[in-house]
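Below is one structure; the comments refer to it alone.
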Number of protein chains: 2
Amino acid sequence: MARDIQERIKKLIIDRRLAPGAPLPTETDLMELLGVSRNSVREALKALQAMGIVEIRHGFGTYVGPMSMAPMTEGLAFRTVAGHYRGEDSLLQLLELREAVETGLIARLAGQVPEAALAELDELVGRMAAEAAEGAVRADTDRAFHAALYRGLGNRLLSEVLDAFWEAFHRVRTDLAGLGADPRVTHRQHAEILAAVRDGDALRAEQAVRSHFDNIRLRLRSSGQK
Amino acid sequence: MARDIQERIKKLIIDRRLAPGAPLPTETDLMELLGVSRNSVREALKALQAMGIVEIRHGFGTYVGPMSMAPMTEGLAFRTVAGHYRGEDSLLQLLELREAVETGLIARLAGQVPEAALAELDELVGRMAAEAAEGAVRADTDRAFHAALYRGLGNRLLSEVLDAFWEAFHRVRTDLAGLGADPRVTHRQHAEILAAVRDGDALRAEQAVRSHFDNIRLRLRSSGQK
DNA sequence: CTAGCTCAGTTGGTTAGAGCAGCTGACTCT
DNA sequence: AGAGTCAGCTGCTCTAACCAACTGAGCTAG
C-alpha cells in the first residue's frame, strides 16, 4: 500500500505536467486527496525525496524535485564504501567503470570539440598548472575538466551520469584513501588529453585517458594496502 | 535530523560490516538505539529502502538491501516519463546515452570475447530468430543479449549500470510508445553485431551497434509523432 | 513615509500510543 | 507422525497533539 501511495503521487506529477520546482499539495491536502493518514503520506514523500523526485522544504512546502543524478551518486557511493569495508575491490570497480565509459567516449570526441569548449578546457588546464605549483590540484578543477570535455557530446543526461560517477568515486576515494596524486603528473596528463582531442587524434586521446586512469589506479593501489 | 538518522543507520551497516541480506535491528531496537521515535525510524528506513540500501519484509524483519541499480532504473524511468510529458525529448536522450556508452564499449570487446560467451550469444541470436518467426522478439531476449555481450568486460558494476539503462529505456518505451520494431530486422542486427565481435573487427562492430540504435531511433520517431 | 521588527498563520518535523496485518515456530490435537 | 492452530514476533497504519521553520501582513520606530 505504501508503494501505492508513492505511485499515486508520481502519477499526480505526471498528470499535472509539473516541472521541477513546481509546488506540490501540502501534506494535509495529500492526506485528503489520497485518503490516507499523514504518516503514510510523509513516508511516501520521504521515499520520493530519496529518489530526488520531490523536494521538501521545512516550513515552506513540498516541490517537484530537480530529478538530478544525486540519488544515484549517493547510492553508488554507499554501495562502494560498504563493499570496500567488506573486503571487495569496489572502489577499483567504480574506477574501471569510469575508465571503460570515458575511454569509449573520448574517441568520438576527438576533433569534434568546438573552439569555445577548447578554450574553456585550456583555461582549466592552466588553472591546474597554477594549482599544481602551489601543491595540489583542487578536486573541483579536475571535475570541471571532465565535465567540460564530455559536454561536447551534446547530451545533458550523459553529462550528468558521468558527473555522478565522478563524484561518487571522488567522495569514496577521499573517505577511504588519503587522496594524493602527484599534481604535476595530473596536470600533464590532462594537458595531453586536451592536446590529443584538439588534434583530432582519436587513438592518442584514448591512450591519454587510459594513462590518466592508470595513474589514479596506481595511487589507489599503493595507498589502499592497509 | 531525519537526514542524520539515515546516516546513522548507514554507519551502522558500515561499522558492523553487514553484507546484503544480513538482518538489521528491529524498528523497536532502532528506536532505542538511536533515541528517536518509531515514526522517525520508519521514515528513515523508507528513504533507505528507496535507495535500495535496506530491504523491508512485512512481518519478518528489516535487512540490508541488495544494493542493486534498481533505484537508479526507477529514477531514470520517472525522470524520462515526466520529461516526455512536458514536451522534452527525454526518451531520445536516454536512447542516445545508451548508444554513446555501448558504441564506445563495443570496440574494446571485439575479438576479446571468450568462446563460452560467444556460444551463449549464438544461442540468444538463435532464439531471436525463432521468436521473430513467430511475430515478435521478446524483450527479455534482447536484454539478455546486451547483458551477455558486455559481461565480457569483466566488471559487474558496469554490467549492472548498462542493464539499468536498458531497463529504464525499455520500461518508458513500452509505457509511452507502442513498442514495435520489425523483429526480423532486430534479429539481423544482433546477428551482425555478434559476427563482427567474433571476427574481432572493431570498426564493423561499432557500426553494427550504431545501426541497431539508428533502427530503434527511427521507430521511436515514427511512433512518437502524436 | 519608509525601514525594520513582531507576531500570527501556514507548512513541514517529531513524538506518543493504539490497533491492524503478515509471518514463524512451537504446541496441540487427531 | 502429521496437520491444524495459536501465541509471539515483525512491520504497517492511523489518530492526535505539539514543536520548529518560514512567510507575510501589520505595527512600530526612525
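By convention in this document, chain letters (A, B, ...) are assigned in the order of the sequence lines, proteins followed by strands, and residues within each chain are numbered from 1.
- Nucleotide D:dA17 holds its P atom 21 Å from the CZ atom of B:Arg38, rounded to whole Å.
- Between A:Leu34 atom CG and D:dC12 atom P the separation is 18 Å, expressed in whole Å.
- Atom CD of B:Gln6 and atom C1' of C:dG13 are 14 Å apart (whole Å).
- Rounding to the nearest 0.5 Å places CG of A:Asp175 at 10.5 Å from CG of A:Leu91.
- Residues A:Glu88 and B:Arg156 are not paired through a salt bridge, judged by the lack of any N-O separation under 4.0 Å between the basic side chain and the carboxylate.
- In this structure, the CD1 atom of B:Ile56 is 16 Å from the P atom of C:dG22, given to the nearest Å.
- B:His146 and B:Glu102 form a side-chain donor-acceptor contact under 3.5 Å, judged by distance and modelled atom types alone.
- Relative to the six-membered ring of A:Tyr63, A:Arg57 meets both conditions, a distance below 6.0 Å and an angle of at most 45° to the axis.
- In this structure, the side chains of B:Pro66 and B:Glu55 come closer than 4.5 Å at one or more pairs of heavy atoms.
- Atom-to-atom, CD of B:Glu43 to P of D:dT13 comes out at 13 Å; the value is rounded to the nearest Å.
- The residue among A:Thr62 and A:Asn39 whose nearest nucleotide of DNA chain C is located toward the 5' end is A:Thr62.
- Look at A:Ser40 and you won't find any side-chain N or O under 4.0 angstrom from OP1 or OP2 of D:dC12.
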I'd like a list of close polar pairs between nucleotides 19-21 of chain D and the protein, N/O only, cut-off under 3.5 Å.
from	atom 1	to	atom 2	distance (Å)
D:dA20	N3	A:His58	NE2	3.1
D:dA21	O4'	A:His58	NE2	3.4

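- Between B:Asp29 and A:Met1, the residue anchored closer to the 5' end of DNA chain D is B:Asp29, taking for each the nucleotide with the nearest heavy atom.
- Distance CZ (B:Arg42) to P (C:dT15): 15 Å, rounded to an integer number of Å.
- Environment of CZ in B:Arg217: crowded, with over 12 heavy atoms of neighbouring residues, nucleotides or ligands closer than 6.0 Å.
- Between B:Ile5 atom CD1 and C:dG13 atom C1' there is a gap of 10 Å when expressed in whole angstrom units.
- The pair A:Lys10-B:Glu74 meets the salt-bridge criterion, since a charged nitrogen lies less than 4.0 angstrom from a carboxylate oxygen.
- The CG-C1' distance, from A:Leu45 to C:dG13, rounds to 13 Å in whole Å.
- When heavy atoms are screened at a 4.0 angstrom cut-off, B:Arg57 is found touching the sugar-phosphate backbone but no base atom.
- A salt bridge between B:Glu7 and B:Lys11 is absent, with no side-chain N of the basic residue lying under 4.0 Å from a carboxylate O of the acidic one.
- B:Leu157 places a side-chain heavy atom less than 4.5 Å from the side chain of A:Leu76.
- Residues of residues 19-28 of chain B having a heavy atom closer than 4.0 Å to DNA chain D, listed by number: B:Thr26, B:Glu27.
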